[in-house]
Amino acid sequence: MTGPMKKVSFKSVNRNTLAKQVVDRIIELLISGQLKPGDKLPTEMELLDVLHVSRPVLREALSALEILGVITRKTRDGTYFNNKVGTQPFSVMLALAVDNLPAIVEARMTLELGLVTMAAEKITDEQLQQLKKTIESIENSKDHNYGEFDKEFHRIIATSADNQIVEGMIHSLLLTHEKTDNEITFREPQLTAQHHTAIYNALCNHDPIDAFQQMYKHLKYVRDKVLKSYNPPR
């Protein structure tokens with residue numbers, strides 16, 4: 001059972017506005033602290049009354065919020081804010097930039113360089129053991145087919161940052177990893193293992209500055225390799 005409905009207040013919406021502004025008003029409930037993740041939204045009739053919009057406009061806005069992973073609509077139970085950030089906004093941006101490989105590589109670098117510094121402070125002994133196993137798997141890989149072990153190494157670091165807000169970005173991070181990995185025409189498992197070991201050692205020492213530097217060195221190497229033969233679409 002859910003508790004009593006919380007009373008909330010909205011800014012009114014001008015009649016000439018569309019679903020985008022309704023989306024903004026609903027998200028404002030979270031930003032203002034009137035409602036929290038997991039809370040139930042007012043009913044459709046209550047939203048129509050306070051926002052002064054038509055039912056089609058409201059439903060369009062709610063559908064957009066659901067696609068973005070902000071809300072979940074439950075049959076016969078109402079609409080709730082989700083507890084975690086959805087992955088879709090980042091996935092959509094990556095899809096729109098599918099032919100812009102430099103932008104995708106830079107997005108990956110931006111995400112991972114921030115995550116690895118947080119990981120250096122928070123990573124557990126168990127996660128460090130998992131990282132070490134991925135490095136060993138890369139070193140022992142046959143036919144240079146170690147893409148999944150490589151991706152798992154980066155996934156462990158991202159999740160070890162242990163931040164609810166950036167959890168929604170991890171799926172997108174792995175998508176950027178797959179995109180750059182698919183562009184690599186020659187593989188160097190020993191060099192990859194060497195780079196990963198340097199990152200691993202920095203994380204073992206819980207040294208965020210060294211972790212940042214070692215991750216940057218690795219990702220710059222990946223960027224230079226995948227962009228060496230890049231021909232932008234015309």
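Since the structure is predicted, the reported quantities are computational estimates derived from the model, not experimental observations.
Nearest heavy atoms, E139 versus Q190: O-NE2, 3.7 Å. Contact detail for P42 and L35: the closest heavy-atom pair is CD-CD1, 4.4 Å. Residues A19 and A61 share a closest heavy-atom pair of O-CB, 3.6 Å.
Taking the side chain as every heavy atom from C-beta outward, L115 and M118 never approach each other to under 4.5 Å. In this structure, M215 and L219 have side chains that are in contact, with non-hydrogen atoms separated by less than 4.5 Å. Between R223 and P102, the closest side-chain pair of non-hydrogen atoms is not below 4.5 Å.
In this model, a donor atom of one side chain and an acceptor atom of the other lie less than 3.5 Å apart for K225 and Y221. In the model, Y146 has no side-chain atom that pairs as donor or acceptor with a side-chain atom of S137 under 3.5 Å. Under the 3.5 Å distance criterion, with hydrogens and angles disregarded, no donor-acceptor pair is assigned to the side chains of H195 and Q214. T43 and E46 are linked by a side-chain donor-acceptor pair at a separation below 3.5 angstrom, with hydrogens and angles left out of the test.
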Side chain to side chain donor-acceptor pair (under 3.5 Å) assessment of H154 paired with E112: CA-CA 8 Å; H154 291 276; E112 290 211 63; 2.5 Å; yes

Derivation and outcome, side chain to side chain donor-acceptor pair (under 3.5 Å), residues Q127 and T124: CA-CA 5 Å; Q127 288 166 329; T124 66; 3.2 Å; yes

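In this pair, F153 and H196 present their aromatic rings parallel. The plane angle is below 30°, not in the 30 to 60° band.
Salt bridge present: D181 and R187 bring a charged side-chain N and a carboxylate O closer than 4.0 Å. Under a 4.0 Å N-O distance rule, the pair K220/D224 qualifies as a salt bridge. Of the charged side-chain nitrogens involved, none lies within less than 4.0 Å of a carboxylate oxygen, so that E136 and K133 do not count as a salt-bridged pair.
Taken together through direct or relayed side-chain contacts under 4.5 Å among Ile, Leu, Val, Met, Phe, Trp and Tyr, I209 and L203 form parts of separate hydrophobic clusters. There is a path of hydrophobic side-chain contacts, each under 4.5 Å, that joins L62 to L30.
L65 pairs in a side-chain contact (heavy atoms from CB on, under 4.5 Å) with only one of the listed residues (I27, V22, T72), which is I27.
Under a cutoff of 6.0 Å and an axis angle of 45°, K74 and Y80 form a cation-pi pair.
Rounded to the nearest 0.5 angstrom, L47 CG and T79 OG1 are separated by 8.0 Å.
Listed for the N205 side chain is a donor-acceptor partner under 3.5 Å among the backbone atoms of N201.
Heavy atoms of other residues, nucleotides or ligands lying less than 6.0 angstrom from NZ of K122 number more than 12.
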